[in-house]
Amino acid sequence: MPTDLHAAPIASAESAGPDAAGIVYVDGRFCPPSEASVSVFDHGLLYGDGVFEGIRIYGGRIFKLERHVDRMFRSAARIGLDPGVTPSQMRRILLETSARSGLREGYLRPLFTRGPGDLGLDPRKSKHPSVIVICSTINPYGGAADRGLRLIVASLRRTPPEVLHPNIKSLNYLNNVLAKAEANARGADDALLLDLRGNVAEATGENVFVVRDGRLYSPPTTTNLEGITRETIRELAAGTLPFEERSFDVPFLTSGAEAFLTGTGAEVLPVVEVDGAKVGDGVPGPITRRLRAAYFELVRSTGTPVPYPRTAHPRRG
Ligand code: PMP
């Protein structure tokens, strides 16, 4: 028998889970991240049968709380999952988890899973969906924002809408994970996924924008997630930069003046290179920098206040 992790279940259970700051809500209970667990029979784990969101807390306020909860319930409805909570209950759970975490800079990862059930992928085997909220911190690209991202084009294509609609933010992220692994193996920051026609769909967890001739372009959200950051950038650019939703290929992107990615975790990140070809001057461009600054101003000045207990000593993320 090899001496591996599974040969020492007690020791591994004691040391299981991240030491990260934060708190986790699982079906009505709050616990430290290291103690949070779900059943190995949860169909979210067994079959990826569930949906999730990613939300940020900035300065003690949850950014776009309502939009994220709405999108989560839309994702759940599209897979026929009734989470057993209402959107307003879910907003309260997110606020309470944030409050108990004490984090004023943080990241929320709510999940609805189909819940535990017998083996076999029939969703009727799961009688009680699970509602989970992880409140922790995130820093997906470290300092890459200042120098700009170097991307590759993934050899895998983005799962097409006819197979699994990218607007269902489901627990099936293997397509994205494998593209990310390919980027890692090739020494890049992230990967672009193309749709089946060869047009840019999105990055592994971000939407894509190109700046060309003073206009903003982003692919139609038939092949990628309807990003809330994407929507926010459109709103911030309105009136100064005309926006056009259109399909485009990689040469259209690399021959643009600038390109950037948007996402809740990534925020607004300049793209300076794709498969070794420079985008614009090969450095973060002025329009990207301006939109990034406007985005940070917005996230710091809006959002739903977290009701921290008066006695809590706020923690920095
Ligand atoms: N595309 C994918 C595949 C994503 O997972 C995400 C969220 N991480 C996004 C785009 C960006 O969406 P949002 O701006 O709503 O976070």
Side-chain angles (χ1 to χ4, degrees), residues 16-18 20 22 24-29 31 33 36-56 67-85 87 90 93-94 97 107-136 138 140 154 156-182 190-191 193 201-207 221 223-229 263-266:
V24 180
Y25 170 95
V26 186
D27 296 327
R29 263 189 71 227
C31 53
S37 60
V38 292
S39 165
V40 294
F41 290 99
D42 194 307
H43 281 210
L45 173 68
L46 291 172
Y47 304 112
D49 187 354
V51 297
F52 76 102
E53 271 300 319
I55 313 173
R56 276 210 192 236
R67 292 288 296 114
H68 282 284
V69 170
D70 285 354
R71 185 171 68 180
M72 190 168 187
F73 276 80
R74 278 203 305 279
S75 289
R78 289 178 81 159
I79 66 163
L81 194 164
D82 175 0
V85 289
M90 194 58 197
I93 292 169
L94 285 158
T97 311
Y107 181 81
L108 290 159
R109 168 56 56 85
L111 302 105
F112 296 149
T113 76
R114 192 74 66 178
D118 291 343
L119 293 177
L121 56 75
D122 187 339
R124 290 175 303 187
K125 291 176 185 291
S126 300
K127 304 293 180 218
H128 302 288
S130 271
V131 176
I132 299 165
V133 178
I134 301 168
C135 183
S136 189
I138 194 170
L156 280 174
R157 295 295 170 96
R158 181 76 179 104
T159 309
E162 295 82 358
V163 174
L164 179 62
H165 205 288
N167 274 312
I168 303 171
K169 201 162 163 52
S170 81
L171 298 182
N172 291 263
Y173 256 52
L174 202 49
N175 182 220
N176 316 54
V177 170
L178 293 178
K180 187 76 177 184
E182 188 178 351
D190 199 22
L193 285 142
E202 58 188 332
T204 60
E206 300 83 21
N207 294 110
T221 53
T223 61
N224 54 80
L225 182 71
E226 245 168 49
I228 291 169
T229 320
T264 298

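Everything numeric in this text was worked out from a predicted model, so none of it was measured.
Note that the CG atom of L108 and the CD atom of E53 stand 10.5 Å from one another [nearest 0.5 Å]. One finds the CG atom of L111 at 5.5 Å from the CD1 atom of I134 (value rounded to the nearest 0.5 Å). Rounding to the nearest 0.5 Å gives a distance of 10.0 Å between CD of E206 and CG of L193. Distance CZ/R78 to CD1/I168: 5.0 Å, rounded to 0.5 Å. Rounding to the nearest 0.5 angstrom, the gap separating the CD1 atom in I132 from the OG1 atom in T97 is 11.5 Å. Distance CG/D190 to CG/N176: 9.5 Å, rounded to 0.5 Å.
Test N172, I79, D42 against D49 for side chain to side chain contact (heavy atoms under 4.5 Å, CB included) and you get one pass: I79.
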Report the C-alpha separation of N207 and T229 in whole Å, then their side-chain angles, then the decisive distance to 0.1 Å, and conclude whether the side-chain contact (heavy atoms from CB on, under 4.5 Å) test is met.
-> CA-CA 8 Å; N207 294 110; T229 320; over 6 Å; no

Given D118 and F41, is the side-chain contact (heavy atoms from CB on, under 4.5 Å) satisfied, shown in steps?
-> CA-CA 7 Å; D118 291 343; F41 290 99; over 6 Å; no

Any chance you could lay out the side-chain contact (heavy atoms from CB on, under 4.5 Å) test for T264 and H68, step after step, and finish with the verdict?
-> CA-CA 10 Å; T264 298; H68 282 284; 3.4 Å; yes

Test side-chain contact (heavy atoms from CB on, under 4.5 Å) on Y47 and R114 and set out the steps.
-> CA-CA 9 Å; Y47 304 112; R114 192 74 66 178; over 6 Å; no

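Although no hydrogens or angles enter the test, the distance criterion places no donor-acceptor pair under 3.5 Å between the side chain of N224 and the main chain of E202. Checked by atom type and distance alone, the side chain of S126 never pairs as donor or acceptor with a backbone atom of H128 at under 3.5 Å. H165 places no side-chain N or O within donor-acceptor distance of the main-chain N or O of L225, the cut-off being under 3.5 Å. The main-chain N or O of K169 is found under 3.5 Å from a side-chain atom of S75 such that the two form a donor-acceptor pair.
Across S130 and D27, no two heavy atoms sit closer than the pair OG-OD2, 2.8 Å. Annotation for A179 and T204: closest pair CB-CG2, 3.9 Å, computed over non-hydrogen atoms. When all heavy atoms of P140 and A266 are compared, the pair lying nearest together is CG-N, 4.0 Å. The two residues A76 and F112 make their nearest non-hydrogen contact at CB-CD1, 4.0 Å. In terms of heavy atoms, A36 sits closest to C31 at CA-SG, 3.7 Å. For N175 against R158, the heavy-atom pair with the smallest separation is OD1-NH1, 2.9 Å.
Here the side chains of P83 and F73 are in contact, with some heavy-atom distance below 4.5 Å. The closest side-chain heavy-atom distance from L119 to K125 is not below 4.5 Å. Counting heavy atoms from C-beta outward, V38 and T113 have side chains that stay 4.5 Å or more apart.
With sequence neighbours left out, the salt bridge (Lys or Arg N to Asp or Glu O under 4.0 Å) criterion links D122 to R124. Applying the salt bridge (Lys or Arg N to Asp or Glu O under 4.0 Å) test to R56 and every residue at least two apart in sequence or in another chain returns E267. Taking Y107 as the reference, R109 meet the side-chain hydrogen bond (donor to acceptor under 3.5 Å, both in side chains) condition, with sequence neighbours excluded.
Salt bridge annotation for E226-R71: absent, with no cationic side-chain nitrogen under 4.0 angstrom from a carboxylate oxygen.
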